[in-house]
Engineer: 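Before anything else, here's the structure in question.
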Amino acid sequence: MPRELVLYIAQSLDGFIAPPDEDLSFLNAVAVEGEDYGYAAFVATCDTVIMGRRTYDKVVAMGVPDPHPERMLHVISSRPGTSTERLRFHTGDPVALVRELKDQQGQRIYCDGGAQLVHALVQHDLLDRYIISTIPVLLGGGIRLFKEGRPSQALSLVRSQAHPSGLVQGEWVRRRS
């Protein structure tokens, strides 16, 4: 049975994962000390992470040199980077990489953004589960989580939870025939 690929991400109420200037401070609107909205429990079920290069560079620029220190991290990039035992820069086809990862033994695979990678995965129907936290802010523009031009896909709601901070988190699984 293939491993599950899960998108776990936050977006604004109007569907943006970042404003035009890519300042992610809008995420602080729901920051509550001691509340991680299920993130630690989720990442404990994953042993592999994939993320786009722009997302990786943004996280590193925010002072997090190793965003997933206990997991294998694949950074999808058009330009090479310095790989290590747990960090691989993948300049090839991300779809082929994901298919290969899904066929390997292990826990879940966590897609940690960004929008270009998500679009490629949706285009090829590779995402199995979506966990999306909606932040109660309208950004008015920026980087959309889901780009136009993707195929229609049926999803089933697993759960939704509203938090006192205003964050609403939904979880859906891909319905396949």
Side-chain angles (χ1 to χ4, degrees), residues 2-12 14-28 36-37 39 42-43 45-104 106-135 139 141-151 153 155 169-172 174:
R3 295 163 72 188
E4 185 178 54
L5 176 59
V6 183
L7 173 65
Y8 188 107
I9 201 162
Q11 69 174 3
S12 65
D14 50 354
F16 296 98
I17 59 173
D21 65 1
E22 299 187 21
D23 176 6
L24 300 180
S25 63
F26 79 96
L27 298 171
N28 296 331
D36 75 350
Y37 301 107
Y39 180 77
F42 166 71
V43 295
T45 70
C46 305
D47 64 1
T48 305
V49 179
I50 59 171
M51 69 171 41
R53 180 66 181 255
R54 285 180 60 198
T55 302
Y56 174 79
D57 288 346
K58 182 73 172 175
V59 172
V60 169
M62 292 168 48
V64 183
D66 190 351
H68 296 283
E70 297 174 7
R71 286 155 195 82
M72 186 66 207
L73 174 58
H74 297 270
V75 177
I76 309 304
S77 179
S78 61
R79 61 189 196 279
T82 304
S83 294
T84 66
E85 185 178 327
R86 283 185 306 89
L87 170 64
R88 300 273 193 261
F89 287 88
H90 182 79
T91 57
D93 179 12
V95 171
L97 172 66
V98 168
R99 287 184 174 139
E100 179 183 317
L101 292 173
K102 287 181 92 166
D103 286 339
Q104 295 173 358
Q107 295 179 299
R108 287 171 154 174
I109 304 164
Y110 166 22
C111 177
D112 190 12
Q116 290 177 333
L117 177 58
V118 170
H119 186 70
L121 298 174
V122 171
Q123 285 290 100
H124 293 277
D125 199 15
L126 290 170
L127 286 166
D128 302 299
R129 185 174 302 262
Y130 297 76
I131 302 173
I132 301 173
S133 298
T134 301
I135 310 298
L139 294 179
I143 301 170
R144 286 208 169 274
L145 174 54
F146 297 111
K147 294 181 180 186
E148 291 185 26
R150 68 192 174 282
Q153 296 176 1
L155 305 173
Q169 188 174 74
E171 180 174 350
W172 297 267
R174 174 72 172 99

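Every value quoted in this text rests on a predicted model; they were computed, and no experiment measured them. Quick note: residue numbers are just sequence positions, from 1.
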Engineer: Indicate yes or no: at least one non-hydrogen side-chain atom of D66 is less than 4.5 angstrom from one of R86.
Structural biologist: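 Side chain of D66 against side chain of R86, heavy atoms only: contact under 4.5 Å found.
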
Engineer: Restricting to non-hydrogen atoms, name the atom on S77 and the atom on R79 that form the minimum distance, rounded to 0.1 Å.
Structural biologist: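 Where S77 meets R79 most closely, the heavy atoms are OG-O, 2.6 Å.
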
Engineer: Apply side-chain contact (heavy atoms from CB on, under 4.5 Å) to the pair V43 and Y8, showing each step before the final yes or no.
Structural biologist: CA-CA 9 Å; V43 295; Y8 188 107; over 6 Å; no

Engineer: In sequence, state the C-alpha distance, the side-chain angles, and the governing distance for L5 and I50, and then conclude on side-chain contact (heavy atoms from CB on, under 4.5 Å).
Structural biologist: CA-CA 10 Å; L5 176 59; I50 59 171; 4.0 Å; yes

Engineer: Please say whether more than 12 non-hydrogen atoms of neighbouring residues, nucleotides or ligands are located less than 6.0 Å from CD in Q104.
Structural biologist: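 Buried by this count: over 12 neighbours within 6.0 Å.
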
Engineer: Write down the atom of A10, the atom of L27, and the distance for their closest heavy-atom approach.
Structural biologist: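 Taking A10 first and L27 second, the nearest heavy atoms are CB-CD2, 3.7 Å.
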
Engineer: As an exercise, state the distance from NE2 of H90 to CG of D93, rounded to the nearest 0.5 Å.
Structural biologist: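 Going from NE2 on H90 over to CG on D93, the span is 6.5 Å.
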
Engineer: What's the shortest heavy-atom distance between P94 and I76, and which atoms?
Structural biologist: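 Taking every non-hydrogen atom into account, CB-CG2, 3.8 Å.
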
Engineer: Would you give the length of the straight line joining atom CG of L145 to atom CG of D14, rounded to the nearest 0.5 angstrom?
Structural biologist: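 Interatomic distance, L145 CG to D14 CG, rounded to 0.5 Å: 11.5 Å.
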
Engineer: Taking the side chain from E4 and the backbone from R129, do they hold a donor-acceptor pair closer than 3.5 Å?
Structural biologist: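 Not confirmed, E4 side chain does not pair with R129 backbone.
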
Engineer: Heavy-atom count check: over 12 atoms from other residues, nucleotides or ligands less than 6.0 Å from R54 CZ?
Structural biologist: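 Open.
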
Engineer: Is there side-chain contact between T48 and R3, with at least one heavy-atom pair below 4.5 Å?
Structural biologist: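 Yes, at least one pair of side-chain atoms sits under 4.5 Å.
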
Engineer: Heavy atoms only: give me the nearest L24-I17 pair and the separation to one decimal.
Structural biologist: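 Looking at all heavy atoms of both residues, the shortest contact is CD2-O, 3.5 Å.
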
Engineer: Between atom CZ of R174 and atom CG of D128, what is the distance when rounded to the nearest 0.5 Å?
Structural biologist: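 Atom-to-atom, R174:CZ and D128:CG are 9.5 Å apart.
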
Engineer: I want to know whether F26 and F16 have ring centres closer than 6.0 Å.
Structural biologist: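 They do not qualify: ring centres at least 6.0 Å apart.
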
Engineer: Return all side-chain donor-acceptor pairs below 3.5 angstrom for residues 111-122, not counting sequence neighbours, or 'none' if the list is empty.
Structural biologist:
{"residue": "D112", "atom": "OD1", "partner": "Y110", "partner atom": "OH", "Å": "3.1"}
{"residue": "D112", "atom": "OD2", "partner": "H68", "partner atom": "NE2", "Å": "2.9"}

Engineer: To the closest 0.5 Å, what do you measure between OG (S83) and CZ (R88)?
Structural biologist: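 One finds 6.0 Å between OG of S83 and CZ of R88.
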
Engineer: Looking only at heavy atoms, what is the nearest atom pair of G141 and P20, with distance?
Structural biologist: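 For G141 and P20, the tightest heavy-atom pair comes out as O-CD, 3.4 Å.
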
Engineer: Would C46 and R108 count as a side-chain contact (heavy atoms from CB on, under 4.5 Å) here? Give the steps.
Structural biologist: CA-CA 4 Å; C46 305; R108 287 171 154 174; 3.8 Å; yes

Engineer: Compare all side-chain heavy atoms of V95 with those of L126 and state whether any distance is below 4.5 angstrom.
Structural biologist: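 The answer is yes; the side chains approach within 4.5 Å.
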
Engineer: Could you state the interatomic distance from NE2 (H74) to CG (L97), rounded to the nearest 0.5 Å?
Structural biologist: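 Taking NE2 in H74 and CG in L97, the distance rounds to 5.5 Å.
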
Engineer: Go through the steps for I109 and V98 under the test side-chain contact (heavy atoms from CB on, under 4.5 Å), then give the verdict.
Structural biologist: CA-CA 9 Å; I109 304 164; V98 168; 5.6 Å; no

Engineer: Classify the angle between the aromatic ring planes of Y130 and F146 as parallel (below 30°), tilted (30 to 60°) or perpendicular (above 60°).
Structural biologist: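 Ring orientation, 0 to 90° scale: tilted.
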
Engineer: What distance do I132 atom CD1 and E171 atom CD have between them, rounded to the nearest 0.5 Å?
Structural biologist: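 The distance works out to 10.5 Å.
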
Engineer: Decide yes or no for R53 and F89: does some side-chain heavy atom of the first lie under 4.5 Å from some side-chain heavy atom of the second?
Structural biologist: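 Heavy-atom side-chain distance check passes, below 4.5 Å.
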
